[in-house]
Number of protein chains: 2
Amino acid sequence: MNQAKPRYQQLKDLIIGRISSGELQPADRVPSENELVESMRVSRMTANRALRELNDEGYVERVAGRGTFVSDYRSQSHLLEVHNIADEIARRGHTHTSCVIRRSPQHARGEVAKALHVQQGTDVFHLLLVHAENGIPIQLEDRHVLASFAPDCLQQDFETVTPSAYLTSISPLQEAEQVVRASLPNRAVQEHLDMKDGEASLVVIRRTWSNGRPVTFARLHHPGSRYELTGHYTPPGTSRSTSSDVVQLEELRQ
Amino acid sequence: MNQAKPRYQQLKDLIIGRISSGELQPADRVPSENELVESMRVSRMTANRALRELNDEGYVERVAGRGTFVSDYRSQSHLLEVHNIADEIARRGHTHTSCVIRRSPQHARGEVAKALHVQQGTDVFHLLLVHAENGIPIQLEDRHVLASFAPDCLQQDFETVTPSAYLTSISPLQEAEQVVRASLPNRAVQEHLDMKDGEASLVVIRRTWSNGRPVTFARLHHPGSRYELTGHYTPPGTSRSTSSDVVQLEELRQ
DNA sequence: TGTACTAGCCTGTATATACAACTTGAAGAG
DNA sequence: CTCTTCAAGTTGTATATACAGGCTAGTACA
């Protein structure tokens, strides 16, 4: 079962490990090819392949003549771009504000326990907040977080740092699953988002993994008249941009 | 401006060209590394890099001991998986039926002309059909196709081959853009999809490019109570599956 | 002081070579 | 005829080497 991994993969795993453990921070310098040749006893071509693939995959950025540097996950594509609504709003030059409605410890049950793969009654934190763009509410975030993953969750000031940004600062998010639905909001959602009677809502249900297990489960409600999801698909190989082979989902205001 | 491309990239472009021109069909054998060494006068490592990257990008599949083969775009991830509702339904073991409501030549104007980047009055074809899963309507497809791209569009039997499948058979789709909205359907949409009063609809507006220009523009309406979009995100490098670094969007019935 | 230049490091690419593991088909043994 | 074995071709990986080109810091020079 435990097949010996190729050496270039071992190198990749090693560096990814240093990044996700926090030993290597964004913009930090990664050992150069020649340094890896010496310390790891590999040939330069093997080190080159490891670093080149990490570059293709967005973990690091390489500059000829300077070196290899850890990518800044926060301003990067992949998962995180999808997650932080404050960044999305800032990108369109608007101001983001948010208002915490509830922030409390809970015991997981029913849907939440099932989504997080934990026993009924496991400690979780429940967050409920409204995000606004230029003062207009556009997202009601209803999130459950595994308490063991983020013990100091309730001490955070989520009006300055979004839960999404906080969670990614703890540990890089590694996998996510989302479902998009259209529905009529219940009374509470409708009022929090200032929606008219009969207005449809766009609901994104997102579950995020870290280190192989789900750690947070969120329902994101948006007013259908003021919100949409846009995606852009590019086939692999046509563009040389670093994120050409991922789908970028962005929330855009109409 | 016109920098000489590296040789491995030239090899990739050459093979991609043969695939998209139709010279190489899905499951066809691609020249082996050693054949490329002889015919293209490159070293085996250069040929290896070209083929390996084409494999990583999903164009081809490589089997040690056998060779390199063109991927089957139709049953593959990337763009096409997203597009064909008949395949999605078949994948869950259900039966797909569709009913053509309208099929007519038109002159593009307004939103359609703008979306397709053509002058007002340009010839397009308008298709309107309902897709059903096990007899239950789940998608109203309202599509405009550039007449110059698919001249024999009106002769097709879209009840056996979906417009999406037909269009991809003409030319590989190269780029797509989509917007997801939640809204209340108008009377016509509501009736075609057998929706209850006050039921929200999930609308996907999709524009697809081929050879650098938009060729089709579709509005896909779904009943909110019976339909959802699911997406799964995997970061690059953790999984070895061929489509690990793309987001797969699938339509799933609740 | 300030400018020009160069040495040294870095990445990017290309080649030649080698060995391992896998697949297939053909030759040979029974 | 059937089974075994083996050779040839294929991909996968690893190494050593080479040269080109970008970047930077420090030195030499004016």
Side-chain angles (χ1 to χ4, degrees), chain A residues 1-16 18-19 24 27-71 237 239-242 244, chain B residues 1-15 18-19 24 27-71 236-237 239-242 244:
Chain A
M1 186 62 207
N2 231 342
Q3 191 76 337
K5 287 186 184 178
R7 307 211 66 183
Y8 76 90
Q9 186 63 50
Q10 293 176 29
L11 285 185
K12 288 175 65 177
D13 291 343
L14 180 75
I15 293 168
I16 289 176
R18 288 195 198 165
I19 293 175
L24 286 176
D28 277 1
R29 190 170 167 283
V30 172
S32 74
E33 297 180 0
N34 281 319
E35 287 167 353
L36 289 174
V37 167
E38 291 226 339
S39 62
M40 296 290 114
R41 301 306 185 123
V42 295
S43 80
R44 207 200 120 203
M45 287 306 295
T46 301
N48 175 270
R49 177 167 177 181
L51 292 178
R52 175 158 45 83
E53 293 193 359
L54 288 176
N55 176 68
D56 293 342
E57 293 160 6
Y59 285 101
V60 301
E61 285 172 18
R62 316 196 73 195
V63 184
R66 291 194 46 204
T68 303
F69 306 89
V70 178
S71 294
S239 159
R240 304 309 297 163
S241 91
T242 53
S244 67
Chain B
M1 185 64 206
N2 230 342
Q3 191 78 336
K5 289 184 182 178
R7 306 213 65 182
Y8 76 89
Q9 186 63 51
Q10 293 176 28
L11 284 185
K12 288 174 65 178
D13 291 343
L14 180 76
I15 293 168
R18 288 195 198 166
I19 292 174
L24 286 175
D28 277 0
R29 190 171 167 284
V30 172
S32 74
E33 297 180 359
N34 281 320
E35 287 167 352
L36 289 175
V37 166
E38 290 226 339
S39 63
M40 296 289 114
R41 301 306 183 124
V42 296
S43 81
R44 206 200 122 204
M45 286 307 295
T46 302
N48 175 273
R49 177 167 177 183
L51 292 178
R52 174 160 44 83
E53 292 193 359
L54 288 175
N55 176 68
D56 293 342
E57 292 161 6
Y59 284 102
V60 301
E61 286 171 18
R62 315 195 74 195
V63 184
R66 291 194 48 204
T68 303
F69 305 89
V70 177
S71 294
S239 160
R240 304 309 298 163
S241 90
T242 54
S244 66

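Chain A is the first sequence line, chain B the second, and so forth, proteins listed ahead of strands; every chain is numbered from 1.
Atoms CD (A/E53) and P (C/dG12) sit 13 Å apart, rounded to a whole Å. Whole-Å rounding puts the B/M40 CE to C/dT15 C1' distance at 17 Å. The nearest whole Å value for the distance from the CZ atom in B/R7 to the C1' atom in C/dG12 is 16 Å. A/R66 has its CZ atom 16 Å from the C1' atom of C/dG8, to the nearest Å. Rounded to a whole Å, the CG atom of A/N34 is 7 Å from the P atom of C/dT11. For B/Y8 and C/dT15, the OH to P distance is 13 Å, given to the nearest whole Å. Going from atom CG of A/N55 over to atom C1' of C/dT13 covers 15 Å, rounded to whole Å. Taking atom CG of residue A/L51 and atom P of nucleotide D/dA14, one finds them 14 Å apart after rounding to whole Å.
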- salt bridge (Lys or Arg N to Asp or Glu O under 4.0 Å) between A/R52 and A/E33, worked out: CA-CA 10 Å; A/R52 175 158 45 83; A/E33 297 180 0; over 6 Å; no
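Checking A/S43 against A/G65, the closest nucleotide of DNA chain D that is more toward the 5' end is the one next to A/S43. If you find the closest nucleotide of DNA chain C to A/S32 and to A/N48, the one lying nearer the 5' end belongs to A/S32. Residue B/R49 is the one, among B/M45 and B/R49, whose nearest nucleotide of DNA chain C lies closer to the 5' end (criterion: closest heavy atom).
Nearest to the side chain of B/R29, among D/dT13, D/dC23, D/dT10, sits D/dT10.
With a 6.0 Å cutoff to the six-membered ring centre and a 45° limit on the axis angle, B/R29 does not count as a cation-pi contact of B/F69.
The side chain of B/T46 places an N or O atom within less than 4.0 Å of a non-bridging phosphate oxygen (OP1 or OP2) of C/dT15. Distances shorter than 4.0 Å separate none of the side-chain N or O atoms of B/T68 from OP1 or OP2 on D/dT10.
Judged by distance alone, with hydrogens and angles left aside, A/R44 brings a side-chain donor or acceptor within reach of the base of C/dG12, the pair sitting under 3.5 Å.
Once rounded to the nearest 0.5 Å, the distance linking CG of A/D28 with OG1 of A/T68 reads 12.5 Å. Residue A/L51 holds its CG atom at 11.0 Å from CG of A/D56, rounded to the nearest 0.5 Å.
Salt-bridge check for B/R44 with B/E38: failed, with every basic side-chain N at 4.0 Å or more from each acidic carboxylate O.
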